[in-house]
Amino acid sequence: MSFVLLTHGSEHAERVLLALAAREVVPDAILIAQPAPTARRDEPKRSRRATVAALLARLGGGGGVVLKQDWVSRFTGFAPRVQGVGRIDFAPVTVALRELQPEWLLLADSGIVSPAVLAVPGRGTLNGHPALLPWVRGVSVIEHSILRGVAPGATVHLVDAGIDTGPVVRRVLVPVTPHDTLDTLWRKSMARSAELAAEVVAAIARGTLPGPRPQSRKVAYCGWATPEERRRATEAIAGGAAHRLFEEWRAFFGGDELPLDDERLPDTLRPPA
């Protein structure tokens, strides 16, 4: 199996790479791309994406065509080839992938990739999502999980032309305690999505790809949480909502692993469409 990891060069990518290394799986290459500027008006001015973009722009010398070696060196040793490829929406990303011709592409906090990028891998593109699909697509997914009545979880899916709409490969709950906060749930969900992505890639390396199964519904996209939504989610978690959701979903499914059939939910647990 050949695969390439594409990332912004974030802490989450390090989690994924460490989880892969623990399973003795090494990518053929790591490509580090600068995020594309966002035009969404509903994003906070100092969103995580904007912060990362600003940092990468400084490290990459403004134009962002090539990232400085100091940034790329964070991943030296994780793969035989580590390369900065400019901005995620620029042609050099596709050119580098075509040169490598991987069977699989693994996204690790890369942002939205173009159809040209998705067309390169011979077998497909995988992504780890820190929430349960299809019920919580998009961003600010912990806040929206709680507000939608969905237990915290993680999903690995195949990437298609939509946003978090591709076939599901694996889906698991993230354990929640009564003492968790919004911040601890974020850390847990990101860590579990990294581990789950590594588990799936390791399974593919053994020749046993789980699933995949198309999502049977398209639930509304989640935008960046407003201050009011974040406040409500924080208060709900403090009141035990996340823990109750985890216990209810776990009891219904008989464990932390969820089946790929996303229609199998009783009315009492079914989140809004």
Side-chain angles (χ1 to χ4, degrees), residues 1-14 16-17 20 26-41 43 47-129 137-139 156-167 194 197 200-201 204 221 223-224:
M1 177 196 71
S2 63
F3 83 100
V4 170
L5 184 139
L6 178 62
T7 179
H8 288 161
S10 65
E11 180 183 345
H12 180 66
E14 291 178 316
V16 174
L17 288 164
L20 288 168
V26 179
D28 294 80
I30 301 168
L31 302 181
I32 306 174
Q34 179 181 337
T38 177
R40 290 178 59 85
R41 296 180 180 179
E43 293 181 7
S47 69
R48 183 177 61 85
R49 185 189 302 179
T51 301
V52 172
L55 175 61
L56 286 173
R58 290 197 298 273
L59 292 170
V65 176
V66 179
L67 297 174
K68 284 188 177 179
Q69 189 62 32
D70 286 347
W71 186 258
V72 174
S73 66
R74 289 178 63 185
F75 298 99
T76 299
F78 282 111
R81 174 173 172 176
V82 182
Q83 177 183 349
V85 287
R87 221 170 72 182
I88 191 69
D89 55 345
F90 281 2
V93 180
T94 308
V95 171
L97 276 175
R98 286 175 179 163
E99 180 184 342
L100 292 160
Q101 285 295 307
E103 294 177 85
W104 293 96
L105 176 64
L106 175 62
L107 305 183
D109 201 14
S110 68
I112 297 172
V113 297
S114 69
V117 167
L118 295 178
V120 176
R123 296 188 62 188
T125 298
L126 294 161
N127 182 54
H129 180 70
R137 302 167 48 234
V139 292
V156 172
H157 66 101
L158 290 171
V159 180
D160 62 10
I163 301 177
D164 300 328
T165 55
V200 168
V201 172
I204 293 172
Y221 175 87
W224 293 103

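Scope of the values below: all heavy atoms of this structure, side chains included, with no hydrogens, waters or symmetry mates. Note that the coordinates shown come from a computational prediction; the quantities given were computed from them, not determined experimentally.
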Worksheet item: Given the rule in the side-chain contact (heavy atoms from CB on, under 4.5 Å) test, do Q83 and I30 qualify, once you have shown the distances and angles that lead to the verdict?
Response: CA-CA 6 Å; Q83 177 183 349; I30 301 168; over 6 Å; no
Item to complete: Sorted by first residue and then second, give each side chain to side chain donor-acceptor pair (under 3.5 Å) pair with at least one member in residues 89-101; sequence neighbours left out.
Response: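 Every pair satisfying side chain to side chain donor-acceptor pair (under 3.5 Å) with a residue in residues 89-101: R81-E99, R87-D89.
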Measure the spacing between [atom1] of [X] and [atom2] of [Y] and express it to the nearest 0.5 Å.
{"X": "D160", "Y": "T165", "atom1": "CG", "atom2": "OG1", "value": "3.5 Å"}
{"X": "L106", "Y": "N127", "atom1": "CG", "atom2": "CG", "value": "7.5 Å"}
{"X": "L126", "Y": "L105", "atom1": "CG", "atom2": "CG", "value": "8.5 Å"}
{"X": "E14", "Y": "D109", "atom1": "CD", "atom2": "CG", "value": "11.0 Å"}
{"X": "R123", "Y": "S2", "atom1": "CZ", "atom2": "OG", "value": "9.5 Å"}

I need the minimum non-hydrogen distance between [X] and [Y], along with the two atoms involved.
{"X": "I32", "Y": "F75", "answer": "CD1-CD1, 3.5 Å"}
{"X": "V85", "Y": "A96", "answer": "CG1-CB, 3.8 Å"}
{"X": "V117", "Y": "L97", "answer": "CG1-CD1, 3.5 Å"}
{"X": "M1", "Y": "W104", "answer": "CG-CD1, 3.8 Å"}
{"X": "A108", "Y": "T7", "answer": "O-OG1, 2.7 Å"}
{"X": "F78", "Y": "P27", "answer": "O-CD, 3.5 Å"}

Worksheet item: Hey, is the main chain of F3 close enough, under 3.5 Å, to the side chain of D28 for a donor-acceptor pair?
Response: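 The answer is yes, because a donor-acceptor pair under 3.5 Å joins these two groups.
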Worksheet item: Is a side-chain N or O of D164 found less than 3.5 angstrom from the main chain of G138, in a donor-acceptor match?
Response: yes
Discussion item. Checking S110 now: which residues fulfil side chain to side chain contact (heavy atoms under 4.5 Å, CB included) with it, not counting sequence neighbours?
Written reply: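 S110 satisfies side chain to side chain contact (heavy atoms under 4.5 Å, CB included) with L6, L107, V113 only.
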Discussion item. Can you list everything that forms a side-chain hydrogen bond (donor to acceptor under 3.5 Å, both in side chains) with H129? Sequence neighbours excluded, please.
Written reply: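 H129 satisfies side-chain hydrogen bond (donor to acceptor under 3.5 Å, both in side chains) with no other residue.
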Worksheet item: Is there a side-chain contact between I112 and I88 (heavy atoms, below 4.5 Å)?
Response: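 No, side chains not in contact.
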